[in-house]
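The next block holds one structure in the form of structure tokens; read it before the comments.
Throughout, protein chains are lettered first and strands after them, A, B, ... in sequence-line order, and every chain is numbered starting at 1.
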Amino acid sequence: MATRMSAMFGRTLREAPGDADSANHQLLLRAGLIVQLAAGVYSFMPPAWRSLRKLEQIIREEMEAAGAQEIRMPAMQPLELWQETGRDRSYGPVLFRLRDRRERPMVLAPTHEEAVTDLFRKTAQSYRDLPQRVFQMQTKFRDEPRPRGGLIRVREFIMKDAYSFDIDEQAFQRTYSAMAEAYHNIYRRCGVPVVAVQADSGAIGGKQSEEFIFLTEIGEDNIVLCPSCGYAANQERAEFDRGAVSEAAPLAVEEVATPGTTTIEALAEFLGVPQETTAKAAFFLVDGEPTFAVIRGDLEVNELKLINTLGAQEARPLTPDEVAEAGWIAGYASPVGVDPARVIADPSVVQARNLVGGANREGFHLRHLNYGRDWSAATVADIGLAQAGAPCAACPGGRLEMQRGVELGHIFRLGEVYAAPMDAAILNADGERVLPVMGCYGIGLERLLAAVVQANHDAQGIVWPPAVAPYDVHLVAIGADREEVAAALERLERDLEAAGLSCLSDDRDERPGVKFNDADLIGAPLRITLGPRGLRDGEVELKLRAEAEGRNAALEAAASVAQDALASLTG
RNA sequence: CGGAGCGUGGCGCAGCUUGGUAGCGCACUUGACUGGGGGUCAAGAGGUCGCCGGUUCAAAUCCGGCCGCUCCGACCA
């Protein structure tokens, strides 16, 4: 059935609500597609829900093509399940909690690794049951500290989450590749350009993960890219080159008076030396332990790398009081004389020679500090924050660039991080109990919808990619109350539906300008205008949303012309 | 969680500094005219000014507390 705008639930707005910032958020609101209920909680009006279902169907097809079976797991789960892996604690306040009538603690699941692993251990017995790949379309609940950007970051959302179980690493690689390929297919079919980047696996866990990023200025992630070699990584884990190991001969340490130079910038200027010839001290509380991090003066510490390197749960900068308590002199600190067990050093300071560092005395610095001779660290590891302009670690001569991006999907190599604590062992061919190698793969549907709109709009409104448009054709009936127009509209609706095209008919008693503007705003790929003027000659006008000019066609032929026009869009 | 801002008919906003019982544009209803890119005229409907408390003869306006929403950052998928 064609949808008639005169009867549609919801309405378009001339002005976007002031809360909306980004183009996609404004357009989704103005086109009457979404309505906000609370921070990060939205309703989806008929056209938006149609598009969301199309996205879902594309994903479903690609998941099935990748060998995954659709299932459905509960959103409401007993807290005990989460205690098995300790994620009731690691997820912290993001986890929505409630109690049932018997006071049993429950959670609204933010993701389903525990649930699927539980399913697996209850059903799979041996390697003969592998490989397994499953997925679901399911509502997730996450009490985000800061929902933002309309649908970009919400607290309740539909996620396609897939999980895989393989007998060994080699088998897992095949699954992972199939999933990565499916993901690329999905974004291509949805009309959103993405780049796959190396990422941190965060609260999901596992060794390594890749994100599928839509590069856009409204994004909330910083993405590091090398235009020379194509290296791409989230800034949270991006690597970069620190230059060659210095061959310079170590010079004798000498103390210099440097009054009032408590920052690297001030120090370098005072001494007339480049910042990269200094060693910077940064103090963090890592799982409750004061930690002394050292890095080259021109670089910054990446806290996430610090946490991962030390196998810690959390880290934050020390407060000035805590620094003093630890016996360190802010602004004049160096690792000289500090217990190496407390020190973690970036390779940038280890491989350099004759650096300037603090004298651990107010107002003085030391010249010619050298790792190994003057100080040492229990841990030497990459803890640097990759920044724009840094040399690429993957190719010679490349310079890293930085762009903002939205994470549209994330695929993880989980290994045994869930199977082990949940004891999901199975028997291998030799009759030994082994743990399956797991992977998980997620896409947020609403966020994807937002990205589709962000990537496909102009000043007038949305320009839906045909595959995910809520309607194929937008019929603009001018003078809809006239008999000949009403009759033509009904006929065209029938013809289009017979041709397999969905349509939204604007039969409202509105001025033509209002209807054209709403058609542009809602953004169906093809618009067909019918009115008394054209119908005198038995003609209607067809215009693609993405093109400026339309053309006329006979009413009787309009449906097949429409079919051809839409087919030309998808190639 | 740190920083900033905003809550006044459905949407966008003014009014608040200097207290006196709420206004503009759009949207909505009815009628007439109009009719191919956001019409015109006329008549209407719709607001406990986020909530609670205080000051005052009188509070949208001043004071206190709370709640909600947005943005930047932290964090996060």
Worksheet item: What does A/Ala20 touch in the nucleic acid at a heavy-atom separation under 4.0 angstrom: a base, only the sugar-phosphate, or nothing?
Response: nothing
Worksheet item: From B/U34, B/G37, B/U70, pick the nucleotide closest to the side chain of A/Arg527?
Response: B/G37
Worksheet item: Can you tell me how far the CD atom of A/Glu490 sits from the CG atom of A/Leu475, to the nearest 0.5 Å?
Response: 12.0 Å
Discussion item. Need one value for A/Asp143: base, sugar-phosphate or nothing, where a base atom within 4.0 Å counts as base even if backbone is also close, heavy atoms only.
Written reply: nothing
Worksheet entry | Side-chain N or O of A/Arg533 closer than 4.0 Å to phosphate OP1/OP2 of B/G36 | yes
Worksheet item: Checking all strands, does A/Gly18 fall into the base, sugar-phosphate, or nothing category for heavy-atom contacts under 4.0 angstrom?
Response: sugar-phosphate
Item to complete: Using a 4.0 Å heavy-atom cut-off across all strands, classify A/Val514 as base, sugar-phosphate, or nothing.
Response: base
Worksheet item: Which of these nucleotides, B/U34, B/U70, B/A74, is closest to any side-chain atom of A/Gln36?
Response: B/U70
Fill in: Partner nucleotide of B/A42 by Watson-Crick or wobble geometry (both distances under 3.5 Å)
B/U30
Response to the item:
Any strand, both distances under 3.5 Å, Watson-Crick or G-U wobble: B/G19 pairs with none
Worksheet item: Is the shortest distance from a Lys or Arg side-chain nitrogen in A/Glu56 or A/Arg60 to a carboxylate oxygen in the other one below 4.0 Å?
Response: yes
Discussion item. Using Watson-Crick or G-U wobble geometry with both distances under 3.5 Å, which nucleotide pairs with B/C71?
Written reply: B/G3
Discussion item. Categorize A/Tyr91 for me: base, sugar-phosphate, or nothing, with a 4.0 angstrom heavy-atom threshold over every strand shown.
Written reply: nothing
Item to complete: Determine the contact category for A/Gly534: base if any of its heavy atoms lies under 4.0 Å from a base atom, sugar-phosphate if only primed atoms, P, OP1 or OP2 are that close, otherwise nothing.
Response: base
Discussion item. Do the side chains of A/Glu211 and A/Arg237 get close enough for a salt bridge, i.e. N-O under 4.0 angstrom?
Written reply: no
Worksheet, complete the sentence: Winner on side-chain proximity to A/Leu13, out of B/G37, B/C11, B/G38, is B/C11
Item to complete: Quick one: label A/Pro145 by what it contacts on the DNA or RNA (base, sugar-phosphate, nothing), any heavy atom closer than 4.0 Å.
Response: base
Worksheet item: What nucleotide among B/G35, B/A74, B/C26 has an atom nearest to a side-chain atom of A/Arg148?
Response: B/A74
Worksheet entry | Mate of B/G25 where both pairing distances stay under 3.5 Å, Watson-Crick or G-U | B/C11
Item to complete: Among B/G35, B/G36, B/C11, find the nucleotide with the atom closest to the side chain of A/Phe516.
Response: B/G36
Practice prompt. Would you mind classifying the nucleic acid contact of A/Asn517 as base, sugar-phosphate or nothing, using non-hydrogen atoms under 4.0 angstrom?
Written response: base
Worksheet item: Which part of the nucleic acid, if any, lies within reach of A/Val406 when heavy atoms closer than 4.0 Å are counted: base, sugar-phosphate only, or nothing?
Response: nothing
Practice prompt. Identify whether any heavy atom of A/Arg11 sits under 4.0 Å from a base atom; if not, whether one sits that close to sugar-phosphate; answer base, sugar-phosphate or nothing.
Written response: sugar-phosphate
Practice prompt. With heavy atoms under 4.0 Å as the rule, sort A/Pro317 into base, sugar-phosphate or nothing.
Written response: nothing
Discussion item. Heavy atoms only, 4.0 Å cut-off, all strands: where does A/Gly32 land among base, sugar-phosphate and nothing?
Written reply: nothing
Worksheet item: Reckon A/Glu510 touches a base, only the sugar-phosphate, or nothing at all at heavy-atom distances under 4.0 Å?
Response: base
Worksheet item: Do the ring planes of A/His410 and A/Phe412 sit parallel (below 30°), tilted (30 to 60°) or perpendicular (above 60°)?
Response: parallel
Practice prompt. Determine which nucleotide pairs with B/G64, using a 3.5 Å limit on both distances of a Watson-Crick or G-U wobble pair.
Written response: B/C52
Worksheet item: Checking all strands, does A/Asn234 fall into the base, sugar-phosphate, or nothing category for heavy-atom contacts under 4.0 angstrom?
Response: nothing
Worksheet item: Does the ring center of A/Phe135 lie less than 6.0 Å from the ring center of A/Tyr163?
Response: no
